[in-house]
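Below is one structure, written out as structure tokens, with a few remarks after it.
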There are 2 protein chains.
Amino acid sequence: MLEASPVSRPRVTLADLAQAAGVSRTTASLVMTGRGRELRISHDVEQRVLRAADELGYRPNAVSVGLRTGTSRTIGFVSDTVATSRLAGDMIKGALEAARERGVMLFIGETEGDPALERGLLHAMQDRQVDGIILAAMYTRTIKVPKDIGPAVLLNALPKPASGLPSIVPDEVGAGRSAARLLLEAGHHEGVYLIGAGPRLRDGPAASVAAVERLVGIRETGLKIAGARACAEWQPEEGLAATRSLLADHRPRALICLNDRLALGAYQALADAGLSVPDDVSVVSFDDHPIASWMRPKLTTVALPHYELGRKAVQVLFDQMGEEAEPGQVHRVAMPVRHRDSVKPR
Amino acid sequence: MLEASPVSRPRVTLADLAQAAGVSRTTASLVMTGRGRELRISHDVEQRVLRAADELGYRPNAVSVGLRTGTSRTIGFVSDTVATSRLAGDMIKGALEAARERGVMLFIGETEGDPALERGLLHAMQDRQVDGIILAAMYTRTIKVPKDIGPAVLLNALPKPASGLPSIVPDEVGAGRSAARLLLEAGHHEGVYLIGAGPRLRDGPAASVAAVERLVGIRETGLKIAGARACAEWQPEEGLAATRSLLADHRPRALICLNDRLALGAYQALADAGLSVPDDVSVVSFDDHPIASWMRPKLTTVALPHYELGRKAVQVLFDQMGEEAEPGQVHRVAMPVRHRDSVKPR
DNA sequence: CTGTTAGCGCATTCAG
DNA sequence: CTGAATGCGCTAACAG
């Protein structure tokens, strides 16, 4: 049986399906949307339609459904900058997976901090009738949420003027507590220094909520901070410089670095000074950046739960659309400790 | 003047616009799609429509346009795994930017190597009438392209059974040449060892085309390779082990590491052996992973042009849709050298 | 030069 | 239990 093999077989529509099954489009639609049962369509007919659908490979045209129903089973993920640093990567991955579980697709876009770009992106998404929007920031901070944004959640960000939108953020205070406790439990009650910020709460990089919250958490444990070196940027070079400066005047027994990149620099300074990690000085850090497990010794650090943050964002977005949720709720996601080899009991 | 301020103002449709401007929907449509000129619509009417559109904030409903025209100004980006490692991140960023320049949105999805997942994703995208698809792989390799995929390009991948689809890949052979020449020009004619693969072409990680092509490029320069240590996985630990093993028997003057993570391990082994980079041994590498500029001394490496790859993918996708392009063409994107501090002339 | 008519593919009253 | 009719918002023939 010779059959024409079109280069690109045209999509099979509901009408095609109805015809093949010998029923009306309505009936076919009813069956396919699963409402055949409640409307008591004959089991016989139902099977006929289902089989035809299977044979023809019928799939409803999502665009048409969208036009008809106003929904698109699509959400937009817009981040301020580089939806691409490893950071954002895992957030997207989490969001992606949670979305897939719900049969939802993800648009992504980056605003690069440009409000005009942001507006354009939001419009492009709204024009495509997205069901909701995830507004993500690369590092935890406050953001101004555009008006008329529709259903949305803030990811890794808090609304500057309160907006009623829910927020998903890492539990930085808890992370600070974890880091400090971990040191305390290892017997480090003194000689603990801070690299990257502090000791005063406002001694961190400007708009960084991570800095102040981590400090708050550390304080809560009662751990006594012997001293600190602030850094404007949390990059390895600054960690190196800060630690070198610290070592000029002090003999730390433990370092809390405000993030892994700083810790990398600290390692270098420690090595330069002939100090061994963790024999001479223990090091704890935050983020669980990939390098943390490449360093020698592997770095003990409190992980940013990027993946979970992403997952939670779409979950909250859908919960919110479903029912009335408490407005402006902020969801804090725990930051788990990654115990590795840079802390030693004394 | 008091005005009702609806919580969510209903979208303004073409009909609203037409009515406000006192014209028919067709006329409004013509003006808005810019074809008013060629059809010689009175300048007066045109201005009237344009102004009304501006005042009402009219924006065409993309879903409806999609249903009508079959196009969606949307493309899908599906990667095999983790569209999120820093690697993929920059590819997505490049694609995103190129897409934005064309007024196109990006769907993203990950197959995690699962063919069923891949089919589902592709379907979900096709159901939404994407105009084209970018099939991306995280590390350069061959992939089997699903049938009936429609307009598509392969990103960082080659089709296993030839498929006629264009491919965008980094010019790994050129990268190999660059790395070798760089050493040659620094006077390193001997004592050059390989970490990660070789010296035979097939001595790399299995499906990795990067390994063999980089080796090919190195060979082309005539650079004499004094020896090599292969690694199954290109991770820091293996680089450390391989280099340590190498140092047990040889005194290299230069190392070519097949990627930056291996180089990180090599640095550690070199340090352990009391050897200085670059005074005692020069190191060149590939990828330009973020750590390359965090290492001390900063690592000279040949960069994977992720961003450019992403850009080029959407560019080729659109070119291909526009006209007849040579089928199965493979586009090689140059890999630029990042001169830093790990190579010293001898 | 502009308005009328007709679908795109689907979901949904409303009659039979 | 099923079919005919309607419209989502827009574009494209085809008349006026």
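A note on names: the letters A, B, ... follow the listed sequences, proteins ahead of strands, and every chain is numbered from 1. Since this is a predicted model, take the numbers as computed values, not measurements.
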Query - Ring centers of Phe77(A), Phe107(A) separated by less than 6.0 Å - result: no

Query raised in the report: So, Arg128(B) versus Thr74(A): side-chain donor-acceptor pair below 3.5 Å or not?
Result: yes

Query raised in the report: In whole angstroms, how far is the C1' atom of dA11(C) from the CG atom of Leu67(B)?
Result: 13 Å

Report task. Decide salt bridge (charged side-chain N to carboxylate O under 4.0 Å, His left out) for Arg102(A) and Glu97(A); before the verdict, give the C-alpha distance in whole Å, the side-chain angles of both, and the deciding distance to 0.1 Å. Result -> CA-CA 9 Å; Arg102(A) 292 168 171 77; Glu97(A) 214 141 299; over 6 Å; no

Report task. Report the distance from atom CD1 of Ile149(B) to atom CG of Leu165(B), rounding to the nearest 0.5 Å. Result -> 6.5 Å

Can you pull every protein N or O that's under 3.5 Å from an N or O on nucleotides 10-12 of chain D?
unit_1	atom_1	unit_2	atom_2	d
dC10(D)	OP1	Tyr58(B)	OH	2.8
dC10(D)	OP1	Asn61(B)	N	3.1
dC10(D)	OP2	Leu14(B)	N	2.2
dC10(D)	O4'	Ser64(B)	OG	2.7
dC10(D)	N4	Arg25(B)	NH2	3.0
dT11(D)	OP2	Ser29(B)	OG	3.0
dT11(D)	O2	Arg68(B)	NH1	2.1
dA12(D)	N6	Thr26(B)	OG1	3.0

Query raised in the report: Quick one: Leu17(A) CG to dA11(C) P, roughly how many Å, whole number?
Result: 11 Å

Query raised in the report: Does the salt bridge (charged side-chain N to carboxylate O under 4.0 Å, His left out) test come out yes or no for Asp16(B) and Arg11(B), once each step is laid out?
Result: CA-CA 9 Å; Asp16(B) 299 334; Arg11(B) 275 191 79 95; over 6 Å; no

Query raised in the report: What pair of heavy atoms forms the shortest contact from Gln126(B) to Asp148(B), and how long is it?
Result: NE2-O, 3.1 Å

Query raised in the report: Can you tell me if the side-chain N/O atoms of Ser24(B) get under 4.0 Å from OP1 or OP2 in dT4(C)?
Result: no

Query - Global bending angle along the helix from dC1(C)-dG16(D) to dG16(C)-dC1(D), which compares the axes of five pairs at either end, to 10 degrees - result: 50°

Query raised in the report: Phosphate oxygens OP1/OP2 of dG3(C): is one of them under 4.0 Å from a side-chain N or O of Thr27(B)?
Result: yes

Query raised in the report: Roughly how many Å is it from CG in Asp44(A) to C1' in dC1(D), rounded to a whole number?
Result: 12 Å

Query raised in the report: Reckon Val63(B) touches a base, only the sugar-phosphate, or nothing at all at heavy-atom distances under 4.0 Å?
Result: nothing

Report task. Kindly check if the number of other-residue, nucleotide or ligand heavy atoms within 6.0 Å of CD (Gln19(B)) is above 12? Result -> no

**Report entry** Heavy-atom side-chain contact between Ile168(B) and Asn156(B) under 4.5 Å
**Finding:** no

